[in-house]
Each structure stands twice: as C-alpha cells, then as structure tokens.
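Below, chain A is the first sequence line, B the second, and so on; all start at residue 1.
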There are 2 protein chains.
Amino acid sequence: MSIVETADAEGSVSLHQRILSDISERIMSGAWAPGHRIPFEHELSAQYNCSRMTVNKALSQLAKAGLIERRRRSGSFVRRPQSQAAVLEIHDIRIEVEALGLPYRYERVARHKRRSSAEDRALLELGAAGPVLALECGHFAGERPFAHEQRLINLTAVAEAADEEFVAIAPGPWLIGRVPWSEAEHRIRAVAADRHIAAALDIAAGAPCLVVERRTWSADHPVTHVRFTYAAESHTLVARFTPSQG
Amino acid sequence: MSIVETADAEGSVSLHQRILSDISERIMSGAWAPGHRIPFEHELSAQYNCSRMTVNKALSQLAKAGLIERRRRSGSFVRRPQSQAAVLEIHDIRIEVEALGLPYRYERVARHKRRSSAEDRALLELGAAGPVLALECGHFAGERPFAHEQRLINLTAVAEAADEEFVAIAPGPWLIGRVPWSEAEHRIRAVAADRHIAAALDIAAGAPCLVVERRTWSADHPVTHVRFTYAAESHTLVARFTPSQG
DNA sequence: ATGGCGATTATGTATATACATATTGAAACG
DNA sequence: CGTTTCAATATGTATATACATAATCGCCAT
C-alpha cells in the first residue's frame, strides 16, 4: 500500500494528502535524515495556512506507515528504517502462468478424505483430531509442468469442501471468496526434488526446487495448508519494497 | 501493519479504534460477507453514541486497508479479497543468525573497484557507465557457512563507499542508515550451486540453494544490487500475511 | 547536588459544524 | 418513451474548539 494514494495526478489532491506527500518526499530523498525533527503541528498548520487537525491527519498517517515517530511534548521525528519489509504478491497460479503468455491447465491427481494424522495436525497446527481432505494437484504451463500442489483442507472449518471433487476447479480459487481468511503464513525455501516431485515436475531427482508453503487461518481456525513446488527454472518470486517500520 | 493496533489490551483503546476493530472482526469472521453493506456513518454514530467524524476516522482506515470499499450515496461495502499480499521481512543476516542462537561471523572475501561492465549495469539497472564496487562476503553461523553475499555498489550514488574496506563491517549494515532508500525489489528463487558457491557454502556442487536478490534505489538512483545465496537446509524465509487490497 | 513537583508543551482524541462532491432516484419535460 | 434536471443522500474534507495525556523543563526545598 503506497502512502500517497493518487500522487499529484492533477491539482485535485486534498490538503492533508499534499502535506503527507510533501513530508514523505523530503524523507525519501534524504533531505530530512533519520532522527531529524520535522516541524511541529502548529508550525505546519501556519505554513500551510490550515487547521492543526488537517496537519494531524497527515502526520498520523505518516506515523502509522512508520516513516515518522511521534513523541508527546518533543515533536515528530524521522524514523530510522529497521527491518526491511517487502510486499510479496502471491497470485493464483493460473494468473502467473497466463502472465507468461502460456496456456494454463489444471489437473487433480489425487484426493483423499481421512481422519487427520499427527503429521496433518502438525501441518495445519490443529489441536484435536478431525476430518481433513488431502489433495494433490498439477498446474501446467503449456505442455510443461509448472507447479505441484499438495494441500490439506480442514473439513471442520470448511465442511462444504467434503462434497467438492476439485476436478473442474483448483482448490485455491475454490477457497478464495468462499472462506474469509484473517491470517496466513508463508514459508519459502529451496529443496532438492525427491522422486515423487521429480516425476510430477518432469525434472531429475535432486534438482533444486522452490517451495512455497502457506498456512491459512480464518477467525483463529486453521483452514488449509498448501505446499507449492516449482522447478527452479520455472519460477521466481518478485517482491516489491515498502518503506515500513520495524 | 496490522489494522487494529493495540487490540483490546485493556479498556484503554480509543473509540474510533474500537469501532474499527469491531467491524474488522465481523468481516474477518465472515459474519459480514464480501458485498455486504455495513451500516451508514450516521447509523454507527448513533449506535456508538459518538459523532460522525469519529466513525469516519474508523471507516476511512478500513477503506485504506482495503477491507471495505466506500461509495458515495450508496454506503460502504465489504470488499472481496483480491490478490494475496504477504509481508516478507528481510532482516540483516547477523540478526537472523543470532536468532538461531549461534555466534555470527562476517568475512570479506574479495573487493574490486572497477568501471561498470555491461553485466554490472544490467544488474544495477544503470544507464551510463561509471565506477562500481564489487564485493564478495561470507556470513557464518558458528563454524558453518550461512550465506554467501555478492554485491555491487554504485559508486556514483554512494561515493564514500570507495574508501571503505568492508573488512570490519558488512556492506548491508554499512549502507543502512547511510543511504536512505526509497525503493527496492526482491527476487527469490531456487538454484543449483555452481562450483564457486558450493565451495563458499561448503556444500556439494549442484545442491539446491535459495537465492535472494535485492536491488535498491534511492531517489531514483540505483544504489546497490546484492545476491544472497543460502544452502537449502540453512534457511527458510517466513512471510506473514496482510489482508490487503488488490 | 538532588529529588520531587508543578507548569508547560506537543500530541491524541473527540465534538459540532460546514460545505464540497459524487451518485442515485424520481420528477419534469420534450 | 426517452432524456434532462433536480433534489436527496452518503461520503470527503476542513474548521474551530475542547479536554486528555504524556513527557520534559525548571524551580524550589531538602
């Protein structure tokens, strides 16, 4: 999320947004270095000839975005960037494939309904035993395998999934829109392909693969755990930067 | 950035924040599904017995966070989640290592000052030729190699780097705080270790590695390009979720 | 010196009010 | 019947005002 929304498209930006982008620019350009005290609210309201509330709106947003730190009685200060946070966009695989200009094909490989094993519960971070749906799917770009999907769905949280075959539709798009998620966690790592994955992706066993695992919660209930495995050549994750706090 | 900042620690939350978290919870839990019209500002201000401005503050934040969409004359509606965006925190390697409870060691392997080659310019997305500093560094966790760093610094943008040996301090921490960055781009992928990397990380050639590349700009000038290579077992990137707009 | 205390100051939150703006629905008109 | 116009409505922005809260400075007494 960019802080300054519709940056000077024309002259039709609100005052507090102009104040925000003015200050934000001075920080980004380095004119106001970390630690620098930016003008007090009453000074800015005099400069811009507006009320303190308007300035306050701009500065509050800058503080929430982590660009400045506000201290009562002392003023507002440019923050030192702490941890770099990048926004990683994780799209539906169909969209990723089609962005490459290749035809997308989906295939359901396997589907098992079972009582959750200890391993299932570990993956889903599930406390008690209950029914789960285990799925294995292939995603293709043209003729080549693009990604292999191994997914667990917590049927206690998403009972309707038990009646879905997932032949015509992939579980990802099926879940999106049906289940409101509140939280998710991604783990990204490199692995060597085991025999199973090697066969699925049509690569040599031991070849490097990128693994993206996602665990999703909805209102504190585990919903799904999915592991996507990509052959090394086929995929690069791109993350754009956000100047955020630490 | 979580939308509800200090969620009900005690009763000491501001009213607009309570309104925000009330609504946010109803959306997250699915009680208010995508497309649902949430109460008008004047209705909420009656419910909470507060002014419309207070409600407006809460709803504006929800809109900016992408949870709701506001339409003049029609009201505010729960948005359908579009693209999933996760926040990827990329820390300094020292911090990552120490988080594992292992002693951290840094080592500068090589340092070359040169006129930028065509490859350098491609990596930095640099237009004209100019001096660059090429660095190669090792990061160790205990006795084991943890990550290998290959870095280019654009000396046109960061002239002072020419006088730094980078023996005592790693280029990452050196650059942070000295150069205000405004933008960065990350590329994450899996590769097979070539002989050079294999030797540096003390792994077999062809073994899978996680590569994180980062390109950084400051006020539209390319500053640095860095490639971190991790042995597969040593590292997993963790990304937390943000319910963001698309 | 030093420890406490009150005054000062900047931010944090909330209010009532005002007018602008976009959009919709209905009435008026050709 | 279709089009234009207009009023109603919800949000968007800005104001002046008020009081709360936290942090700091300086004064004063010990």
Side-chain angles (χ1 to χ4, degrees), chain A residues 1 3-23 27 32 35-79 245, chain B residues 1 3-23 27 32 35-79 245:
Chain A
M1 165 181 54
I3 308 163
V4 31
E5 305 288 279
T6 49
D8 41 50
E10 338 167 34
S12 67
V13 275
S14 56
L15 219 184
H16 72 262
Q17 213 163 67
R18 219 191 87 214
I19 299 175
L20 193 156
S21 62
D22 281 0
I23 295 174
I27 295 175
W32 287 349
H36 180 266
R37 209 209 76 227
I38 75 174
F40 296 128
E41 291 189 350
H42 69 264
E43 292 174 321
L44 287 167
S45 74
Q47 279 178 40
Y48 284 93
N49 193 34
C50 66
S51 78
R52 184 171 78 90
M53 279 299 295
T54 304
V55 173
N56 182 281
K57 195 166 186 175
L59 295 195
S60 300
Q61 289 188 40
L62 282 168
K64 180 170 314 201
L67 276 190
I68 66 174
E69 182 186 339
R70 315 201 68 190
R71 285 203 287 273
R72 279 167 151 139
R73 166 71 213 243
S74 309
S76 305
F77 299 82
V78 177
R79 283 194 60 169
Q245 92 290 13
Chain B
M1 164 181 53
I3 309 161
V4 33
E5 306 287 281
T6 49
D8 41 50
E10 343 165 30
S12 67
V13 275
S14 54
L15 219 184
H16 71 261
Q17 213 162 65
R18 218 190 88 214
I19 299 174
L20 193 157
S21 61
D22 283 359
I23 296 174
I27 295 175
W32 287 350
H36 179 266
R37 208 210 78 225
I38 75 173
F40 296 129
E41 291 189 350
H42 69 264
E43 292 173 320
L44 287 167
S45 74
Q47 278 178 41
Y48 285 92
N49 193 34
C50 67
S51 77
R52 185 171 76 89
M53 277 301 294
T54 305
V55 174
N56 182 281
K57 196 166 185 174
L59 296 194
S60 300
Q61 289 186 42
L62 282 168
K64 180 170 314 199
L67 276 188
I68 67 173
E69 181 187 340
R70 315 201 69 192
R71 286 203 286 274
R72 278 167 153 139
R73 166 72 210 243
S74 309
S76 304
F77 300 82
V78 178
R79 282 193 60 167
Q245 90 289 13

Grab the [atom1]-[atom2] distance between [X] and [N] for me, whole Å please.
X     : N      : atom1 : atom2 : answer
B/L15 : D/dA20 : CG    : C1'   : 14 Å
A/H42 : C/dG12 : NE2   : P     : 15 Å
B/Q17 : C/dA14 : CD    : P     : 9 Å
A/R37 : D/dT24 : CZ    : C1'   : 14 Å
A/K57 : D/dT15 : NZ    : P     : 11 Å
A/E69 : D/dA22 : CD    : C1'   : 14 Å
B/Q61 : D/dG12 : CD    : C1'   : 15 Å
A/N56 : D/dC19 : CG    : C1'   : 15 Å

Does A/S14 offer a backbone N or O that forms a donor-acceptor pair with the side chain of A/Q17 under 3.5 Å? no
At less than 4.0 Å, is any side-chain N or O atom of [X] found next to OP1 or OP2 of [N]? Yes or no.
X     : N      : value
B/S76 : D/dT11 : yes
B/R70 : D/dA10 : no
A/R52 : C/dT11 : no
A/S14 : D/dG12 : no

Could you pull out all residues at least two apart from [X] that satisfy side-chain contact (heavy atoms from CB on, under 4.5 Å)?
X     : answer
B/R72 : none
A/R70 : A/E41, A/N56, A/L59, A/S60, A/A63, A/I68, A/S76
A/R73 : none

Grab the N/O contacts between the protein and nucleotides 21-24 of chain C below 3.5 Å, and write none if there aren't any.
residue : atom : partner : partner atom : Å
C/dT21  : O2   : B/R72   : NE           : 3.2
C/dT24  : O2   : B/R73   : NH1          : 2.6

Positions of residues 43-51 of chain B (non-hydrogen atom under 4.0 Å from DNA chain D), listed by number: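 Nothing qualifies; none.
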Within a strict 4.5 Å, meaning less than it, do heavy atoms of the [X] and [Y] side chains meet?
X     : Y     : answer
B/H16 : B/L20 : no
A/I23 : A/L44 : yes
A/V55 : A/C50 : yes
A/L15 : A/Y48 : yes
A/W32 : A/I38 : yes

For A/L59, report the nucleic acid contact type (base, sugar-phosphate, nothing); a contact means any heavy atom under 4.0 Å.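 The residue A/L59 makes no contact with any strand.
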For the [atom1] atom of [X] and the [atom2] atom of [Y], what is their distance to the nearest 0.5 Å?
X     : Y     : atom1 : atom2 : value
A/M53 : B/M53 : CE    : CE    : 5.5 Å
A/I19 : A/Q47 : CD1   : CD    : 9.5 Å
A/H36 : A/I27 : NE2   : CD1   : 9.5 Å

D/dT13, D/dT11, C/dG12: which one has an atom nearest the side-chain heavy atoms of B/F40? D/dT11
Of the listed nucleotides (C/dT11, C/dA14, C/dT17), which one gets closest to any side-chain atom of A/E41?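 Shortest atom-to-atom distance from the side chain points to C/dT11.
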Pairwise 5' ranking along DNA chain D for B/P39 and B/M53, keeping only the more 5' one: B/P39
What is the bend of the helix from C/dA1-D/dT30 to C/dG30-D/dC1 when you compare the axis at one end with the axis at the other, using five pairs each and rounding to 10°? 10°
